[in-house]
Structure formats: structure tokens, C-alpha cells
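Just below is one structure, and these are the notes that go with it.
Only this structure's heavy atoms are used, side chains among them; waters, hydrogens and symmetry mates stay out. Quick note: residue numbers are just sequence positions, from 1.
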Amino acid sequence: MMKIYVLDKGVVLAGKGWEIKQKLKEYQDRYVYVNDWIQDVQGQGSLPALKRVK
């Protein structure tokens, strides 16, 4: 099972190599920079500092 943790200054992806590669390809369509991804997650307010994504 893959885990994604969005922190204040970065993103941590834990899982198998092919899972991480697939997830990064998915997110590259939504975000140009990692900072954009972080700001989007933090801007939602209801999410904790760490977010687990399956």
C-alpha cells in the first residue's frame, strides 16, 4: 500500500517503485511544482499536516 505524506516543506512518498512512478505521473498533470501541491493541500484547511493517500 502506497503512502503519501504532504509536509510543510516537502512530500514523502512510500511504496513500491512502480506505485510512486504512477502517482507522480498522475500529479504532474495537476501541479507544475511541488510547492503548488503543498499549498493546495494546506489550503483545504480540514486536512491535517500529514495526509495519507491510498
Side-chain angles (χ1 to χ4, degrees):
M1 178 183 344
M2 182 173 177
K3 298 175 190 169
I4 300 175
Y5 300 100
V6 180
L7 307 172
D8 290 337
K9 297 191 180 212
V11 178
V12 177
L13 295 104
K16 296 187 183 264
W18 64 269
E19 293 174 317
I20 292 171
K21 189 175 179 180
Q22 181 180 9
K23 192 56 73 173
L24 287 173
K25 284 187 180 200
E26 178 184 327
Y27 280 112
Q28 80 179 0
D29 294 335
R30 289 195 226 171
Y31 306 106
V32 176
Y33 300 108
V34 174
N35 190 46
D36 296 338
W37 185 3
I38 294 169
Q39 294 301 318
D40 187 38
V41 170
Q42 289 177 347
Q44 293 178 3
S46 63
L47 296 175
L50 294 175
K51 179 182 178 185
R52 183 176 178 186
V53 178
K54 292 183 183 179

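- The pair E26-K23 counts as a salt bridge, with a side-chain nitrogen and a carboxylate oxygen less than 4.0 angstrom apart.
- A distance of 9.5 Å separates CG in D40 from OH in Y27, rounded to the nearest 0.5 Å.
- Remark: I38 CD1 to K9 NZ distance equals 10.0 Å, nearest 0.5 Å.
- Nearest approach of W37 to V6, heavy atoms of both residues: NE1-CG2, 4.1 Å.
- With hydrogens and angles disregarded, a donor-acceptor distance shorter than 3.5 Å links the side chain of E19 to the backbone of K16.
- Of all the heavy atoms in V11 and V34, the pair that sits closest is CG2-CG1, 3.7 Å.
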query: Could you walk me through whether Q42 and D8 pass the side-chain contact (heavy atoms from CB on, under 4.5 Å) check?
result: CA-CA 8 Å; Q42 289 177 347; D8 290 337; 3.0 Å; yes

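- Y33 OH to Q39 CD: the interatomic distance, rounded to the nearest 0.5 Å, is 14.0 Å.
- Annotation for L7 and V12: closest pair CD1-CG2, 3.9 Å, computed over non-hydrogen atoms.
- Taken from CE in M2 to CD1 in I20, the straight-line distance is 5.0 Å, to the nearest 0.5 Å.
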